Amino acid sequence: MALDDALVSDTGPAAVTPGPLLGIPRQRGGTGAGIPSAEAGTHATVAGPDAPDAAVRPRPSRPWQPLRLLPTPLGTPFTFGFAVVLAVTSLFAEYADPGLVSGLLHGSSTDVVHLTQAPLPVLIASALWIAGGVTSGYAVAFLFVLTALERRIGARGAAAVFFGGHVLATLATELPVAFSVAAGGLPESSLHRLDYGISFGVMTCIGALAGLLPAWLGRLLLAAVGYLALTDLLAYADPLTDWGHLLSLALGVASWPLLRRWRTRRAAPAPLLGDLGHPALRGARTY
């Protein structure tokens, strides 16, 4: 009878009681931290979503890399490619025939006449030249500002901010010239005013970048650049362009809410793979 009792105890209810289901959290009899496999040694422990060790761990801090301040072909393709184009056009403007260069610059000018005749080509062509060459302050700002902006919002976002500011600020400064000439307030020669360069786009990117940096650093950048733009305006050397710089900076600031949502969407986790129509997943939010 002792042998029979032993056999009964080995095959009794305790031995055949099913264990918790794999991958289902908060089951009776579960450990909470993990669910043991049905066959020891053949399956790994499956951790539940409510397990203590499933908390989000902070990302390890990466060492500061100075080279990330400059554009790279893979990291910042828009800034890198655009910088190459600007370097080529600047070298061409420096060493090519002055008459040819002058003709190309006047043909790329976003004056009222060209904006009326061919607005889209001239708006693009005017942004392919740097007023002052590669040693100008806007050329240096282009490299660092657009690199930092593209690393935060991507190539499409950086391109949209740059060209959006370039186009809007150009139209906002040239349309009043057309109205003033029509009203007799300005001479007709103002319709052929030479206007080209990347300054409007760069100023818009500076204003946009200030909203993506830490609060103290962004406000400091905005105050410093705003002070320089206001000083140039008060000097009254080129008031139309200086007003365009302030307007471009304001356009970048106005884009903060949109860029923050854009950045959050880029940083969101990828959607779950599989049947998202399953009842257990219908309440899940996807981005």
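This one's a predicted model, so the numbers in the text were calculated from it and none came from an experiment. Every heavy atom of this structure was used, including side-chain atoms; hydrogens, water molecules and symmetry mates were not.
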_Atom pair OG1 (Thr110) and CG (Leu171), whose distance is rounded to the nearest 0.5 Å_ = 8.5 Å

_Nearest heavy-atom neighbours spanning Ser136 and Ile130_ = OG-CG2, 3.4 Å

*asked:* For Phe78 together with Phe82, are the ring centres under 6.0 Å from each other?
replied: yes

_Check whether Thr89 reaches the backbone of Leu86 with its side chain - one donor and one acceptor, N or O, closer than 3.5 Å._
yes

_Measuring from atom CG of Leu247 to atom CH2 of Trp243, what distance do you get when rounded to the nearest 0.5 angstrom?_
9.5 Å

*Do the side chain of Arg260 and the main chain of Gly211 share a donor and acceptor less than 3.5 angstrom apart?*
yes

*asked:* Has Thr147 got a side-chain atom pairing as donor or acceptor with Phe144's backbone, closer than 3.5 angstrom?
replied: no

*In terms of hydrophobic clustering (I, L, V, M, F, W, Y; side-chain heavy atoms under 4.5 Å; direct or indirect links), are Leu251 and Ile198 co-clustered?*
no

*Hey, are the side chains of His192 and His114 touching, using non-hydrogen atoms and a 4.5 Å cut-off?*
no

*Is a side-chain N or O of Ser180 found less than 3.5 angstrom from the main chain of Pro176, in a donor-acceptor match?*
yes

*asked:* Tell me the closest heavy-atom pair linking Thr79 and Leu146, and the distance in Å.
replied: OG1-O, 3.3 Å

*Judged by atom type as modelled, is there a donor-acceptor pair below 3.5 Å linking the side chain of Ser108 to the main-chain atoms of Leu105?*
no

_So does Ala158 get a backbone contact from the side chain of Glu150, meaning a donor-acceptor N/O pair under 3.5 Å?_
no

_Interatomic spacing from CG in Asp242 to OG1 in Thr173 - rounded to 0.5 Å_ = 11.0 Å

*Determine, using the 4.5 Å side-chain heavy-atom cutoff (strictly less than), whether Val140 and Leu69 are members of one ILVMFWY cluster.*
yes

_Nearest 0.5 angstrom please: Leu191 CG to Thr116 OG1, how far?_
8.0 Å

*Cluster question for you: counting only ILVMFWY and a side-chain heavy-atom cut-off of under 4.5 Å, with indirect links fine, are Leu194 and Tyr138 together?*
yes

*May I ask whether Met203 and Leu228 are part of the same hydrophobic cluster, defined by side-chain heavy atoms of I, L, V, M, F, W, Y residues being less than 4.5 angstrom apart, directly or through others?*
no

*Over all atoms of both residues, closest heavy-atom pair of Trp256 and Arg219*: CH2-NH1, 4.0 Å

_For Asp238, is there any backbone N or O sitting under 3.5 Å from a side-chain donor or acceptor partner on Thr241?_
no

*Counting N and O atoms only, with roles assigned by atom type, does the side chain of Thr72 sit under 3.5 Å from a partner on the main chain of Gly75, one being a donor and the other an acceptor?*
yes

*Taking all heavy atoms of Ala141 and all of Val202, pick out the closest pair and write down the distance.*
CB-CG1, 3.9 Å

*Going by atom types only, do Ser109 and Asp195 share a side-chain donor-acceptor pair under 3.5 Å?*
no

*Spacing of CG belonging to Leu240 relative to CG belonging to Leu186, to within rounding of 0.5 Å*: 9.0 Å

*Minimum heavy-atom separation for Val134 to Ala87, with atom names?*
CG1-CA, 4.4 Å

_Check the orientation of His245 and Phe200. Use parallel for under 30°, tilted for 30 to 60°, and perpendicular for over 60°._
perpendicular

*Check for a donor-acceptor pair, side chain of His106 on one end and backbone N or O of Ser102 on the other, with a separation under 3.5 Å.*
yes

*Just by distance, do the side chain of Arg152 and the backbone of Ala148 share a donor-acceptor pair under 3.5 Å?*
yes

*Name all residues meeting the side chain to side chain contact (heavy atoms under 4.5 Å, CB included) criterion together with Leu100; count only those two or more places apart in sequence or in a different chain, and write none if there are none.*
Phe92, Asp97, Leu104

*Does the pair Val181 and Val112 meet the rule for a side chain to side chain contact (heavy atoms under 4.5 Å, CB included), with working shown?*
CA-CA 10 Å; Val181 172; Val112 176; over 6 Å; no

*Cluster overlap Leu222 with Leu209, hydrophobic side-chain contacts below 4.5 Å*: yes

Solution key, residues 161-168 side-chain donor-acceptor pairs under 3.5 Å, sequence neighbours excluded:
from: His166; atom 1: NE2; to: Leu123; atom 2: O; distance (Å): 3.0
from: His166; atom 1: NE2; to: Ser126; atom 2: OG; distance (Å): 3.0

*Are any non-hydrogen side-chain atoms of Arg261 and Leu258 less than 4.5 angstrom apart?*
yes

*asked:* Could you go through Leu249 and Val225, starting from their C-alpha distance and side-chain angles, then the distance that decides it, and tell me whether this counts as side chain to side chain contact (heavy atoms under 4.5 Å, CB included)?
replied: CA-CA 9 Å; Leu249 192 64; Val225 176; 4.2 Å; yes

_Just so I know, are the side chains of Leu221 and Leu213 near enough to count as touching, which here means a heavy-atom distance under 4.5 Å?_
yes

*Over all heavy atoms of both residues, which pair between Gly244 and Ser248 is shortest? Give the atoms and the distance, please.*
O-OG, 2.7 Å

